[in-house]
Amino acid sequence: MDCNCWFQCINPECEATYSIFDSIYQCRECESLLDVTHDLETLRMRSASEWRHLFDDRYQRNIWPYGSGVWGKKEWVCPLIDDENIISFYEGGTNLFWANRLGRELGIGELWIKQCGNSHTGSFKDLGMTVLVSAAQQMMADGKKLRAVACASTGDTSAALAAYAAAADIPSIVFLPREKVSVAQLIQPITNGAMVLAIDTDFDGCMRIVKQVCEEQGIYLANSMNSLRIEGQKTISIELVQQFDWEVPDLIIIPGGNLGNVSALGKGFMQMRDLGLIDKLPRIVCAQTEKANPLYRSFMTGFREFQPIEAEPTLATAIQIGNPVSIERAIRTLKAFEGSVEQASEEELSNAAARADKTGMYNCPQTGVALAALEKIIARGEINPQDRVVVISTAHGLKFTEFKVNYHQKAIPGVDSRFANTPIELPEDINMVQDAIEKKLGALSVG
Ligand SMILES: *Cc1c(COP(=O)(O)O)cnc(C)c1O
Ligand SMILES: [Zn+2]
């Protein structure tokens, strides 16, 4: 099957096209973003059921590179990269589980969590980075001179870029807002040998600088402005539906910062619908923190207006972004998916994450934002009891230990840690230990 894809300007009045192996991130004619567009005619040569079978046969097996959750869908993602140039850690294939206890406590029928943080570098960013770095590898194999790959990051993009670039043996440069990422996120690119630049600014400032650096020949931009990343990330929705035996859930809640991921989620569903694998679309809710809520503000105007803002410090550092690159894509997606936007305060996101942790999870603060949004939507009666609801968990909680420690020590200013659990320090004395246990279990049985 001779599949093809290309970059196409997202401006419907322009629609200029470029090769996906051009180092280009915005249209040369009108400066709009570019989307990867696929030749659907060729893809239609396989029926919907043939695609389902092919994807199911490959899923989490070991024939290179098709066991990857991303490359198992290679024809739909980026068919132009030769298998030997693919750089993959077998990303994807993350667990989707029934959060039975939390769903029950919140009073909804079916709550599921898509645990995208159970991935090589601990976040969903791996899904997009495998495609981008593989494309860079293909470009180099074709004789193009790339000196390095670079990105601005709130912590997870840089971890993913550093790892994939290291596997490909391509130098990487990451721009981080100084002291605005977690210790784990800072040490990840350091261990992988990236050049780590901690800049005295916020994410939006890092983004401005990296764009200029990448205008120089030979440094390839790895931010989600580069829509190759979106192609990998869109496999989230394909994999999700596959895990439900090709049934579409009713509602999906996803946290949003730069808004590439919510756009990718929508793009995967659109492609499945265009190729006949599904016949309905879910509702999508994008969740933002009150401290960085430009999409929420736009939603309040019915998406008629949009103003970039200066994002304020938030516990949800990975989505502390005031001027999201994919704003147009995101608005388009939400309009097509009966979408809405919800916001959460620091206290709401902290308590929502901790409450879910008490049912056995271990949530990052961004997932806390999505869980807080879920609680608010339930409180407004906007979820039917029989709805199947999915929360996209975007990173592993272990990347955010400081957040967890501070919460349980009740040390987050302005946050009432309703679910704090503090260790009990005792001498080596059996009576005192037994007393402490009795007191605790007694209190539990009263409640
Ligand atoms: C990047 C990231 C997000 C936000 O994704 P966008 O595509 O920037 O909207 C959410 N959560 C985590 C953990 C992330 O790393
Ligand atoms: Zn254009």
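Whatever order the structure lists them in is the order used to number ligands and atoms, beginning at 1. What you see below is based on every heavy atom in this structure, not just the backbone, and it leaves out hydrogens, waters and symmetry mates.
Close approach of ligand 1 to Asp156 is summarised as follows: ligand atoms under 4.0 Å from at least one heavy atom of the residue are 12 (C), 13 (C), 14 (C), 15 (O). Every atom of ligand 1 with a heavy atom of Asn258 under 4.0 Å away is listed here by number and element: 6 (P), 8 (O), 9 (O). Annotation for ligand 1: atoms under 4.0 Å from non-hydrogen atoms of Gly260 are 6 (P), 7 (O), 9 (O). In the vicinity of Gly256, heavy-atom distances shorter than 4.0 Å reach the ligand 1 atoms 9 (O).
In summary, the aromatic rings of Phe175 and Phe203 are positioned with their centroids too far apart to meet the 6.0 Å limit. Ring-centre distance between Phe55 and Tyr59: not below the 6.0 Å cut-off. Annotation: Trp51 is in aromatic contact with Trp76 [ring centroid separation under 6.0 Å].
For a threshold of 3.5 Å applied to N or O pairs, the pair formed by Ala318 and ligand 1 contains no separation below that value. Residue Asn261 has at least one N or O atom closer than 3.5 Å to an N or O atom of ligand 1. Between Gln366 and ligand 1, no N or O atom pair is found at a separation short of 3.5 Å. Note: no N/O pair closer than 3.5 Å links Cys364 and ligand 1 by distance alone.
Looking only at distances, no side-chain donor or acceptor of Glu105 sits under 3.5 Å from a matching main-chain atom of Leu102.
Taking CE of Met207 as the start and OG of Ser153 as the end, the distance is 10.5 Å to the nearest 0.5 Å.
Protein heavy atom closest to atom 5 (O) of ligand 1, with residue, atom name and distance, is Phe124 CZ, 3.5 Å. Regarding atom 14 (C) of ligand 1, its nearest protein heavy-atom neighbour is Lys125 NZ, 2.9 Å.
Using cut-offs of 30° and 60° for the angle between ring planes, the His120 and Phe89 rings count as parallel.
The number of heavy-atom neighbours closer than 6.0 Å to CZ of Arg147, taken from other residues, nucleotides and ligands shown, is 12 or below. At most 12 heavy atoms of other shown residues, nucleotides or ligands fall within 6.0 angstrom of atom CG in Asp169.
Taking the ring centre of Phe306 as origin, the terminal cationic atom of Arg297 falls outside the region bounded by 6.0 Å and 45° from the ring axis.
In this comparison of Thr394, Thr121, Thr317, the heavy atom closest to atom 11 (N) of ligand 1 sits on Thr394.
Residue Ile319 touches ligand 1 through its side chain alone, judged by heavy-atom distances below 4.0 Å. Of all the heavy atoms of Gln233, none lies under 4.0 Å from any atom of ligand 1, so neither backbone nor side chain is involved.
Take the Zn ion (ligand 2) as the corner point: the lines to SG of Cys14 and to SG of Cys27 open at 110°, to the nearest 10 degrees.
Residue contacts with ligand 1: Ser224 is excluded, as none of its non-hydrogen atoms falls under 4.0 Å.
Across Glu231, Gln242, Glu239, a single residue satisfies side-chain hydrogen bond (donor to acceptor under 3.5 Å, both in side chains) together with Lys73, and that is Gln242.
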